Number of protein chains: 2
Amino acid sequence: MRNLKISSSLEDYLEAIAEIIESEKHAHSKEIAEKLKVSTPSVSHALQALAARGLIRYQPHAPVTLTRRGKKLADAIRHRHQVMKCFFANILKLSDEEADDFACKTEHILTEKYKDRFVALADAIENREDCTGLRKYLDEYLPTIEGEDSDIISLDLLPLGHEATVVSISENLPGIKKFADLGLVHGSILQMEGKAPFGDLIRIRVMESRLSMREKDAANIWVKPLNANANAAG
Amino acid sequence: MRNLKISSSLEDYLEAIAEIIESEKHAHSKEIAEKLKVSTPSVSHALQALAARGLIRYQPHAPVTLTRRGKKLADAIRHRHQVMKCFFANILKLSDEEADDFACKTEHILTEKYKDRFVALADAIENREDCTGLRKYLDEYLPTIEGEDSDIISLDLLPLGHEATVVSISENLPGIKKFADLGLVHGSILQMEGKAPFGDLIRIRVMESRLSMREKDAANIWVKPLNANANAAG
DNA sequence: AGCTTGACTTAGACAAGTCTAACTTTATAT
DNA sequence: ATATAAAGTTAGACTTGTCTAAGTCAAGCT
Ligand SMILES: [Mn+2]
Ligand SMILES: [Mn+2]
Ligand SMILES: [Mn+2]
Ligand SMILES: [Mn+2]
């Protein structure tokens, strides 16, 4: 007997295949790769895994088709996706794209039972007559909840070796003028060069200068890390 | 060095470490292993990864401690866990254990923004005065939803002559409005009346009306067969 | 001090999933 | 028919996360 449970990754491949077959009749590797934003060798690899589990019919260089089991599983996944997308869009008031993205993550951890409860909840909120007040409230209030730009951290949390842009400096920072003279101002790029393991001192590089400050003072400086690939010592 | 974003697995280790430190002061490998149900070598491996990312202080054979960054991240994860656990338990009426399990999965894909919206929704449902009816309904109805029937299929797979309830209709369905007018909506009962052997057309009966659609379009409609009579062989 | 024992780490295997580079197959255009 | 281009596969590297087996460390007990 074959395995009934497959990985999130394979679920996404299966889902993509089903959707492509539906809209274009033939599912080609390249399209799957584009849809999932992976390389074609990754697709070949996944197709072999799906074929080994009896979910698709796969012959090299021919478009894939879904077996009956594959179709059924793909439909279940797509249904979870669709149900959650509706919940996120209609109840939580996420944008269409956000709802879609988030649904495509939840679909892999959602069981039938939980899905059904989400459906029932959404259904009640949307259709019960005594919920007009709630609906109005959700409509008006939820869209105002915006996520913080959570990339921004205080300088003392910047990992060793990482670079970051200075987003803002609190005027509480002792010696702010002196630091500004050395180039530490809004918009400048700095790198965390050293952290004393016990001590309170950190060492950073800004432009051509290097400077040290107390770790707790560094909490007054907010930075946005640049894409994480700095050359790190250590 | 490393990315600021860590894997689900490392998030779980970090979460476990924070909880152990809180309840026992010292986080030992063996306890982490027991809590997460993994082997101690897996723990050693994970601890090295967390240390390399500056999230814990780790020296072989000594209990680990959280760095400031590690504590902050652990707290964020635990908060997401807690918030979702409350939602699943109090709103969706899952058991404590189910809510906990499911929360520990969702915590890894939930952003701050989405978390805040779940909180606002739960808050409104639990506390608004005009929601007593909804609360009563959820209290009585949701616990009756038990999972794992899972015989939901897309309409194109419904065998000839079989009846089914419409579970959901994707908005991708072309002509969705026209079909809705004819009675094809969530909850309606339909019967598969005909399938063209080659052609793409299927014919169904809904209420008193009969209608046809392309087979591939029918894949946008999910139905639950009424009399479990379908042949299961793949 | 030396022995015993449990905790912890290291070493090495493996599976999944991704990539790039290089190759093969199929389709298209002379 | 042959050359070229596109699509697809294979090979092999790398990362993450898990395991078992085999060691090392440290603490407590003779
Ligand atoms: Mn999806
Ligand atoms: Mn997905
Ligand atoms: Mn958790
Ligand atoms: Mn978790």
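Each chain gets a letter, A, B and so on, in the order the sequences are listed, and its residues count up from 1. Note that this is a predicted model, so its numbers are computed, not measured.
One atom, CD1 of Ile17(A), and another, C1' of dG8(D), lie 14 Å apart when rounded to the nearest Å. Separating the OH atom of Tyr58(A) from the C1' atom of dG8(D) is a distance of 7 Å, rounded to the nearest angstrom. With rounding to whole Å, Leu47(A) atom CG is found 14 Å from dT10(D) atom C1'. One can place CD of Gln48(B) at 14 Å from C1' of dT16(D), the figure rounded to the nearest angstrom. The NE2 atom of His61(B) sits 9 Å away from the P atom of dC8(C) (whole-angstrom rounding). Here the P atom of nucleotide dA27(D) and the NE2 atom of His26(B) are 12 Å apart, to the nearest Å. The distance from atom CD1 of Ile56(A) to atom C1' of dG8(D) is 14 Å, rounded to the nearest whole Å.
Side chains of His162(A) and Gln191(A): no donor on one and acceptor on the other come within 3.5 Å. Between the side chains of Lys105(B) and Thr106(A), no donor-acceptor pair is found at a separation under 3.5 Å. Using modelled atom types, one finds a donor on one side chain and an acceptor on the other under 3.5 Å when comparing Thr65(B) with Arg57(B). Of the N and O atoms on the side chains of Ser168(B) and His79(A), at least one donor lies less than 3.5 Å from an acceptor on the other residue. Between the side chains of Asp12(B) and His108(B), at least one donor N or O lies within less than 3.5 Å of an accepting N or O. With no hydrogens or angles considered, no side-chain donor-acceptor pair links Glu11(B) and Ser8(B) at under 3.5 Å.
In this structure, the side chains of Trp222(A) and Val166(A) stay at 4.5 Å or more apart for every pair of heavy atoms.
For the segment residues 27-35 of chain B, the set of residues with a heavy atom within less than 4.0 Å of an atom of DNA chain C comprises His28(B), Ser29(B), Lys30(B), in numerical order.
With sequence neighbours excluded, the residues that form a side-chain contact (heavy atoms from CB on, under 4.5 Å) with Val38(A) are Tyr13(A), Leu36(A), Ser42(A), Val43(A).
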Please produce a list of atom pairs where a protein N or O lies less than 3.5 Å from an N or O of nucleotides 13-20 of chain C.
residue: dG17(C); atom: OP1; partner: Ser7(A); partner atom: OG; Å: 2.4
residue: dT18(C); atom: OP2; partner: Ser9(A); partner atom: OG; Å: 3.2
residue: dT18(C); atom: OP2; partner: Tyr13(A); partner atom: OH; Å: 3.1
residue: dC19(C); atom: OP2; partner: Ser39(A); partner atom: N; Å: 3.0
residue: dC19(C); atom: OP2; partner: Ser39(A); partner atom: OG; Å: 3.0
residue: dC19(C); atom: OP2; partner: Ser42(A); partner atom: OG; Å: 2.6

